[in-house]
Amino acid sequence: MMTRVVRGTASETSSPGQGGRPIGVFDSGVGGLTVLHELLVRLPREDFVYLGDTARFPYGERAPREIERFAAEIAEELLARGAKLLVVACNSATAAALPSLSRRMMQTTLGLDVLGVVRPEALQAVASTRSGRIGLLATPTTVSSRAYEQAVHTVDPHVTLHAVACPDLAAVIQAGEQFDERALATVREACRPLQDAGVDTVILGCTHYPLISPMLQRMLGPQVTLVSSGAALARQVEHALSTRELRNPRTEGEGEGEYRFLCTGDVEAFRELGTRFLQMPLGEVEHVELAAVEAVA
Ligand code: DGL
């Protein structure tokens, strides 16, 4: 009997020998380090290069066109540094810019794939809900993009998404005030509409929110499932590397891969904040100036 092997387009665009290149990860700042943390745990043999656009943080109330341009600039930098795959570890950037960035990267000679945080969370949330009522906490840009509605409804059109835009929450968490009264009041206000709607699953639609998940869980109640992107996205990245034959050839005996950091703002501030978000030592952080891009596809 003959077996015909059908290969997808992504395998055709990757060539052998690219596995040793790093995975490029980016965010508006340090929040994406909560996602990188999961990638480091799940994919210990891979190398990573992380870029935090700290000079332009926050993205959460910016116009989608502006974020598309920022994402394109960052992607060009990571491409120049040899990235074999791009991970958008930022919900606002995924929501606003993933389609345009994917188109742009597919046009490069390598046909680079781009993975974002919205889809893995949407899949997880639909799988978890029993009532069909899902809550979303995210930045205003992410909520108004309706990217989560689209992603959730692609999986199950009968599910209802109750989205709450939280303009200040990421900044409050980033300022290190996640345990003070102001933070408590901000979180309580964000949770109220979700409690009123009787959701049984809540998507943490911003990279900063996993840092306050104990507080959220306490306010929403133990019966509510909190969904964050890190672990599910890491599984998706692992799958993408395998199917595209892009896994790092490093063996167990050769130890763990390397990770390094770039940021557009102050290097010391990144290092100080970053350790709290990554929960691992940070090491070298390099300042980078991004080149302006011609046009966004
Ligand atoms: N990484 C951003 C996000 O997930 C943090 C918030 C912001 O930049 O406004 O949306």
Side-chain angles (χ1 to χ4, degrees), residues 24-39 48 50-71 73-75 78 86-98 101 114-122 124-125 135-149 151 163-178 183 186-187 190 202-213 216 226-234 261-266 269-270 273-274 276-278 290:
V25 183
F26 74 88
D27 177 43
S28 58
V30 291
L33 295 173
T34 60
V35 177
L36 180 66
H37 173 93
E38 298 296 339
L39 290 166
F48 293 89
Y50 178 100
L51 195 153
D53 194 5
T54 44
R56 301 187 288 199
F57 174 86
Y59 281 9
E61 291 192 61
R62 291 184 184 270
R65 289 296 289 173
E66 191 178 32
I67 299 179
E68 285 184 355
R69 181 165 55 80
F70 293 173
E73 289 172 3
I74 294 169
L78 292 173
L86 284 189
V87 175
V88 187
C90 174
N91 301 74
S92 303
T94 302
L98 191 70
L101 189 61
V114 187
L115 301 179
V117 282
V118 171
R119 197 166 156 265
E121 281 191 305
Q124 231 183 298
L136 167 70
L137 297 173
T139 64
T141 294
T142 298
V143 169
S144 59
S145 75
R146 303 185 71 84
Y148 277 98
E149 265 97 338
V164 179
C166 312
D168 303 325
L169 196 49
V172 166
I173 296 168
Q174 176 141 330
E177 298 156 0
Q178 71 259 44
T186 312
V187 176
V202 173
I203 298 173
L204 307 187
C206 174
T207 50
H208 286 56
Y209 302 171
L211 265 71
I212 54 157
S213 47
L216 287 167
L226 300 183
V227 171
S228 55
S229 61
L233 175 70
F261 302 94
L262 312 169
C263 73
T264 55
D266 183 69
F270 184 96
L273 270 174
R276 179 157 61 93
F277 280 76
L278 187 67
L290 299 174

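All figures in this text were calculated on a predicted structure; none of them were measured in a lab. Positions are given from 1, in the same order as the sequence printed here. Note that ligands are numbered from 1 as they come in the structure, with each ligand's atoms numbered from 1 the same way.
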So which atom in [X] and which in [Y] form the shortest heavy-atom distance, rounded to 0.1 Å?
X: C90; Y: T207; answer: CA-CG2, 3.9 Å
X: A93; Y: V88; answer: CB-CG1, 3.7 Å
X: A183; Y: V172; answer: CB-CG1, 3.7 Å

Does ligand 1 have an atom that lies less than 4.0 angstrom from a heavy atom of G31?
-> no
Does G32 come within less than 4.0 Å of ligand 1, judged by its heavy atoms?
no
Result for side-chain hydrogen bond (donor to acceptor under 3.5 Å, both in side chains) between Y59 and one of T139, T142, N91, D53 points to D53
Going by the 4.0 angstrom heavy-atom rule, the piece of T139 near ligand 1 is side chain
To the nearest 0.5 Å, atom CG of L169 lies from atom CG of L216 at 7.5 Å
Which of the atoms in ligand 1, numbered in the order shown and given with their element, are less than 4.0 Å from a heavy-atom of [X]?
X: A170; answer: 6 (C)
X: P58; answer: 7 (C), 8 (O), 9 (O)
X: G60; answer: 7 (C), 8 (O), 9 (O)
X: D27; answer: 1 (N), 2 (C)
X: S28; answer: 1 (N), 2 (C), 5 (C), 7 (C), 8 (O)
X: H208; answer: 5 (C)
X: T207; answer: 1 (N), 2 (C), 3 (C), 4 (O), 5 (C)

- With distance as the sole test, does T94 use its side chain to make a donor-acceptor pair with the main-chain N or O of G116 at under 3.5 Å? no
Distance under 6.0 Å and angle within 45° of the ring axis: does R62 meet both against F70?
-> no
Residue, atom and distance of the protein heavy atom nearest atom 10 (O) of ligand 1 read S92 OG, 2.6 Å
Take the angle between the ring planes of F57 and H208 and call it parallel below 30°, perpendicular above 60°, tilted in between. parallel
